[in-house]
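Basis for what follows: all heavy atoms, side chains included, without hydrogens, waters or symmetry-related copies. Quick caveat, the model's predicted, so the values are computed rather than measured. Both ligands and their constituent atoms are indexed starting at 1 by order of listing.
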Amino acid sequence: MTRRPSFPARIDFSHGQPTAARPAGAGSKAAPRAGAAARAPVGPQGLGMDSVAVRASMVQKLAAQGVADKWVLQAMNAVERHRFVDPALVNQAYEDTSLPIGLGQTISKPNVVARMMELLRHGQPGKLGRVLEIGTGCGYQAAVLSHLATEVYSIERLRGLHDKARDNLRPFRLANVHLLFGDGMAGFPKGAPYAAIIAAAGGEALPQPWLEQLAVGGRLVAPMVTAAGQQALVVVDKTAQGLQQTVLEAVHFVPLKSGIA
Ligand code: SAH
């Protein structure tokens with residue numbers, strides 16, 4: 001495996017001290033653990049520290065933009081996003097922008113990841129149970145989810161990205177992340193029922209298997225092309241009475257495709 005180069009010196013480190021990053025109910029017993037990501041080896045001469053500061057600044061911006069869930073903020077603070085992007089893009093890793101991850105796919109901007117995580121958790125007091133993610137991509141969101149769920153099953157249809165995510169995630173040793181290669185439109189019945197399902201790619205409709213594999217009381221968050229012909233974020237709650245769908249803001253995700261490649 002090729003290791004990522006250390007954090008580049010050209011990033012702007014004038015964002016204050018890493019101690020500014022105390023978003024998660026600090027001191028609370030229910031607060032999630034910082035995770036292995038926060039303890040990952042640092043680069044030479046304090047560059048690792050600077051990645052902490054830049055990430056803290058990203059999290060502060062997320063909070064200022066309205067992300068209020070402390071679990072989500074802590075998870076975004078814990079995962080080193082710069083380790084998931086191409087070395088040439090590392091200095092943009094903490095900007096609120098989507099970035100290419102190869103094979104024509106993109107990693108969502110931090111604000112969108114945080115927003116979806118918040119919708120998925122919808123204020124739950126503790127961790128989610130088993131979560132299914134469709135579209136592993138580079139593995140970043142799976143790493144964030146690993147802090148918010150007991151188990152994460154993440155499916156990718158492109159072999160190249162599935163392998164890349166495996167390489168990216170290996171150093172973090174996230175024992176609760178299970179990477180699967182296959183067509184996520186079929187879900188992953190073996191892990192069902194899921195407390196939550198999240199898709200990082202949007203189709204014309206929500207595949208039936210996702211709705212079937214969602215637990216009663218569970219929530220699905222996915223981009224979908226709506227009646228207006230635009231892609232929007234859709235939330236589906238599965239209740240004892242049936243499915244309840246809410247269409248939220250417009251989004252721009254890569255298309256959900258069938259089959260593997
Ligand atoms: N969560 C990812 C975002 C990846 S972009 C990250 O953090 O990097 C969305 C991904 O969905 C792409 O990698 C694309 O290949 C994948 N995808 C699209 N349709 C799919 C399907 N039917 N099954 C599994 N993955 C799919």
Side-chain angles (χ1 to χ4, degrees), residues 4 37 55 58 62 72 75-76 78-86 89-90 92-120 131-149 152-170 172 174 177-191 194 196-211 213 220-225 231 233 251-261:
R4 294 263 173 232
R55 199 159 47 256
M58 174 191 83
L62 291 174
V72 173
M76 300 291 291
V79 179
E80 297 176 311
R81 196 166 186 265
H82 68 275
R83 291 182 185 269
F84 292 86
V85 302
D86 191 271
L89 300 171
V90 162
Q92 293 178 57
Y94 296 102
E95 287 172 17
D96 202 23
T97 178
S98 55
L99 294 169
I101 54 173
L103 302 177
Q105 308 303 315
T106 51
I107 179 177
S108 303
K109 57 183 186 174
N111 184 279
V112 170
V113 173
R115 166 81 170 135
M116 289 178 87
M117 297 291 122
E118 198 164 46
L119 286 169
L120 214 57
V131 173
L132 175 67
E133 179 191 40
I134 293 96
T136 313
C138 66
Y140 170 72
Q141 186 168 271
V144 175
L145 280 169
S146 78
H147 293 266
L148 304 175
V152 180
Y153 296 88
S154 182
I155 312 181
E156 173 57 54
R157 64 177 288 275
L158 297 177
R159 171 70 75 178
L161 285 177
H162 169 75
D163 290 345
K164 188 182 217 172
R166 192 171 292 288
D167 284 349
N168 285 344
L169 287 166
R170 191 172 288 121
F172 294 101
L174 302 170
V177 176
H178 313 282
L179 297 184
L180 308 155
F181 172 59
D183 182 354
M185 284 174 84
F188 181 60
K190 278 189 188 159
Y194 297 100
I197 298 180
I198 182 165
E204 303 286 322
L206 299 174
Q208 194 58 30
W210 299 359
L211 302 171
Q213 291 168 29
L220 180 153
V221 179
M224 192 184 87
V225 179
Q231 209 184 52
L233 217 46
V251 284
H252 301 283
F253 280 80
V254 296
L256 182 71
K257 292 188 176 171
S258 57
I260 52 171

Checklist outcome for this item: In terms of its nearest heavy atom to atom 9 (C) of ligand 1, the top option of Ala200, Gly187, Gly104, Ser108 is Ala200

Checklist outcome for this item: Within 4.0 Å of some non-hydrogen atom of Met185, the atoms of ligand 1 are 22 (N)

Checklist outcome for this item: Taking every heavy atom of Phe181 against every heavy atom of Arg157, the minimum-distance pair comes out as CE1-O, 3.4 Å

Checklist entry - Which of the numbered atoms in ligand 1 are below 4.0 angstrom from a heavy atom of Leu256? => result 19 (N), 20 (C), 21 (C), 22 (N)

Checklist entry - Counting from 1, what ligand 1 atoms have a heavy atom of Val254 closer than 4.0 Å? => result 5 (S), 9 (C)

Checklist entry - Short N/O distance, under 3.5 Å, between Glu156 and ligand 1? => result yes

Which atom pairs, donor and acceptor, lie under 3.5 Å between side-chain atoms of residues 102-112 and protein residues at least two apart or in another chain?
unit_1	atom_1	unit_2	atom_2	d
Gln105	NE2	Leu103	O	3.2
Asn111	ND2	Gln65	OE1	2.5

Checklist outcome for this item: So for Leu103 against ligand 1, with non-hydrogen atoms under 4.0 Å, the contacting part is neither

Item to check | Option nearest atom 26 (C) of ligand 1 (shortest heavy-atom distance, choices Arg81, Glu133, Arg157) | outcome: Arg157

Item to check | Part of Gln105 within contact of ligand 1 (heavy atoms, under 4.0 Å) | outcome: side chain

Item to check | Qualifying residue, where the test is side chain to side chain contact (heavy atoms under 4.5 Å, CB included) with Tyr153 and the options are Thr136, Ile197, Val177, Leu180 | outcome: Leu180

Item to check | Heavy atom of Ala142, distance to ligand 1 below 4.0 Å | outcome: no

Checklist outcome for this item: Contact region, Leu158 to ligand 1, non-hydrogen atoms below 4.0 Å, reads side chain

Next on the checklist: Only heavy atoms of Thr106, strictly under 4.0 Å: list the atoms of ligand 1 that pass.
Outcome noted: 3 (C), 4 (C), 5 (S)

Item to check | For Val79, the option from Val113, Leu145, Val144 that meets side chain to side chain contact (heavy atoms under 4.5 Å, CB included) | outcome: Val144

Checklist entry - Would you say Cys138 has any N or O atom under 3.5 Å from an N or O of ligand 1, going by distance alone? => result yes

Show which side-chain atoms of residues 182-189 pair as donor or acceptor with protein atoms under 3.5 Å away, not counting sequence neighbours.
unit_1	atom_1	unit_2	atom_2	d
Asp183	OD1	Met185	N	2.9
Asp183	OD2	Gly259	N	2.8

Item to check | Contact partition for Ala165 relative to ligand 1, non-hydrogen atoms under 4.0 Å | outcome: neither

Checklist entry - Which of the atoms of ligand 1 are close to Ala201, meaning less than 4.0 Å from one of its heavy atoms? => result 11 (O), 18 (C)

Next on the checklist: Heavy-atom pairs closer than 4.0 Å: do any link ligand 1 to the side chain of Val113, the backbone, both, or neither?
Outcome noted: neither

Next on the checklist: Using a strict threshold of under 4.0 Å (side-chain N to carboxylate O), is an ion pair present between Arg170 and Asp167?
Outcome noted: yes

Item to check | Closest non-hydrogen atom pair, Ala114 against Val72 | outcome: O-CG1, 3.7 Å

Checklist entry - Judging by distance only, is a nitrogen or oxygen of Gly135 under 3.5 angstrom from one on ligand 1? => result yes

Item to check | Under 3.5 Å: N/O of Ser258 near N/O of ligand 1 | outcome: no

Item to check | Closest contact, heavy atoms only, Ala149 versus Val131 | outcome: CB-CG2, 3.5 Å

Checklist entry - What are the two closest heavy atoms between Gly137 and Ala165, and how far apart are they? => result O-CB, 3.5 Å

